[in-house]
Protein chains: 2
Amino acid sequence: MSKAEQKKSDSSTEERIKEAARVVFLRKGFAATRTRDIADEAGINLALLNYYFRSKAKLFEIIMTEALSRFVSKIQHVLDDEDTSLEAKISEMANQYIDLLLEEPEIPTFLVTEIRTNPKALNMKFTLAQKIVSSVFFRQYQEAFQQRKVSEVHPLNFMLNLIGLIVFPFIAKPLLMEAVGIETGEFKRVMEQRRKLIPIWLKLMMEGA
Amino acid sequence: MSKAEQKKSDSSTEERIKEAARVVFLRKGFAATRTRDIADEAGINLALLNYYFRSKAKLFEIIMTEALSRFVSKIQHVLDDEDTSLEAKISEMANQYIDLLLEEPEIPTFLVTEIRTNPKALNMKFTLAQKIVSSVFFRQYQEAFQQRKVSEVHPLNFMLNLIGLIVFPFIAKPLLMEAVGIETGEFKRVMEQRRKLIPIWLKLMMEGA
DNA sequence: GTCTATAACGTGATAGAC
DNA sequence: GTCTATCACGTTATAGAC
């Protein structure tokens with residue numbers, strides 16, 4: 001079997017386990033996940049999981065770090081681009097995040113859930129907050145704000161709206177599907193609309209109030 | 001000890017346990033909660049918990065139902081008011097929900113987390129979805145939409161924006177406090193601003209796109 | 001009703017054969 | 001490297017004294 005084939009069809013055992021762990025942890029969270037679930041999902045034995053990764057906690061740590069990292073690094077180059085306007089960055093963020101989340105819709109709820117019970121998971125906090133605060137995006141955002149008349153509106157509102165308009169639908173998705181009867185296809189179409197609407201809405205909100 | 005005193009100071013044992021369960025379940029979720037945590041929080045013995053409520057699952061069921069119920073019924077009379085405009089209802093929803101969530105900020109994340117792993121928890125789905133769909137609010141909302149020119153914007157977007165703008169900050173709160181360094185007082189001030197801004201924003205969004 | 005002690009079970013982790 | 005068998009422990013739930 002060639003290397004390419006191997007990577008595609010079954011990959012290494014270690015990688016298979018990690019992939020299974022990602023699926024199960026993201027769907028059920030750390031506390032509700034049984035290591036046996038991961039072993040089953042990977043199609044291997046429970047002992048093997050501990051052979052490769054010393055413990056459930058270690059394995060989780062890896063998945064958590066990767067999820068956070070993907071969420072942040074995906075848009076870092078966007079935030080740090082000196083040559084694009086604030087508006088362009090907002091559009092690009094909406095695009096990048098909606099792309100990412102259509103592929104992995106569980107990420108937001110996963111992060112929210114795990115940070116709730118274990119805020120120290122954010123020892124990446126310097127990484128995360130500092131990346132944003134030190135970004136070109138943040139500078140442009142502050143400049144735009146100071147140009148407003150007597151803006152008594154707390155700057156945090158803008159951030160909450162930007163992230164919330166993008167992310168909240170994915171958090172509400174299970175509820176939408178179960179209680180409102182929305183289907184996957186319809187949800188996707190709504191998100192494709194939002195991809196274009198969110199930048200427009202944000203502009204209106206900033207100018208209007 | 002008078003009845004009033006009893007109710008205020010220690011209440012009945014059953015009520016104390018239920019109250020403790022609410023606190024712990026809402027903070028940590030079902031899977032991460034140990035019945036011992038609840039017993040400790042209530043200041044009673046573990047056996048007593050099973051004496052009053054047959055099992056952890058039964059006790060959780062009660063808390064879950066009440067949380068969902070509070071979330072829905074709190075605004076039902078608002079939704080069904082024949083005598084107020086759509087705009088007034090939006091303002092009233094923002095007010096009612098922000099009041100509720102400033103008191104109990106854990107509710108949204110709790111519901112999101114538990115519905116994720118157990119969507120059947122929404123066998124109240126008829127109750128919930130039907131209450132909205134059959135409400136005066138929903139009728140007014142559809143009328144407002146049909147008056148738009150060629151509104152190709154999916155109606156779900158409005159609902160997502162209304163709920164998301166209100167609820168998302170509470171979901172993001174732990175992250176804001178840990179990674180961004182927001183304090184409780186500052187968060188409250190932001191929410192007091194949003195109470196007034198959200199109706200304005202929504203109007204702008206509906207008219208603009 | 002409330003407690004202590006303990007049973008019954010599930011889960012994370014390891015030993016040891018292959 | 002991968003498996004089966006099993007341990008060690010934590011957790012839910014119950015029995016039984018008071």
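In DNA chain C, the stems built from three or more successive Watson-Crick or G-U pairs (distances below 3.5 Å) are C:1-18 with D:1-18.
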Listed pairs, N/O of protein and of nucleotides 1-3 of chain D, under 3.5 Å:
{"from": "D:dT2", "atom 1": "OP1", "to": "A:T13", "atom 2": "OG1", "distance (Å)": "2.9"}
{"from": "D:dT2", "atom 1": "OP2", "to": "A:T13", "atom 2": "OG1", "distance (Å)": "3.4"}
{"from": "D:dT2", "atom 1": "OP2", "to": "A:Y52", "atom 2": "OH", "distance (Å)": "2.6"}
{"from": "D:dC3", "atom 1": "OP2", "to": "A:N45", "atom 2": "N", "distance (Å)": "3.1"}

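Contact of the A:K131 side chain with the A:F137 side chain is not registered, since no non-hydrogen atoms from C-beta on lie closer than 4.5 Å. In this structure the side chain of A:M64 never reaches within 4.5 angstrom of the side chain of A:F30, judged on heavy atoms. Side-chain contact between B:K173 and B:M177: present, with at least one pair of heavy atoms (C-beta onward) separated by less than 4.5 Å.
Every side chain to side chain donor-acceptor pair (under 3.5 Å) that B:K203 has, sequence neighbours left out, goes to B:E207. Applying the salt bridge (charged side-chain N to carboxylate O under 4.0 Å, His left out) rule to B:D40 yields no partners; only residues at least two apart in sequence or on another chain are considered. Among residues two or more places apart in sequence or in another chain, the salt bridge (charged side-chain N to carboxylate O under 4.0 Å, His left out) test is passed with A:D80 by none.
Rounded to whole angstrom, the span from the NZ atom of A:K56 across to the C1' atom of D:dG10 amounts to 12 Å. Rounded to a whole Å, the CG atom of A:N50 is 18 Å from the P atom of D:dT6. As rounded to whole Å, 14 Å separates atom P of C:dA13 from atom CG of A:D37. Taking atom CD1 of residue B:I38 and atom C1' of nucleotide D:dT11, one finds them 12 Å apart after rounding to whole Å.
Using a 4.0 Å cut-off between charged side-chain N and carboxylate O, B:E19 and B:R22 make a salt bridge. Residues A:R139 and A:E82 are paired through a salt bridge, judged by an N-O separation under 4.0 Å between the basic side chain and the carboxylate.
Near DNA chain C, defined here as any heavy-atom distance below 4.0 Å, the residues from residues 25-36 of chain A are A:T33, A:R34, A:T35, A:R36, listed numerically.
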What verdict does the ring pair (Phe, Tyr, Trp, His ring centres under 6.0 Å) test give for B:F25 and B:F110, after you've listed the backbone C-alpha separation in whole Å, the side-chain angles of each residue and the deciding distance to 0.1 Å? CA-CA 8 Å; B:F25 276 139; B:F110 171 76; 7.4 Å; no

I would like to know whether B:L59 and B:I38 meet side-chain contact (heavy atoms from CB on, under 4.5 Å); could you show each step before the answer? CA-CA 10 Å; B:L59 182 49; B:I38 297 175; 4.3 Å; yes

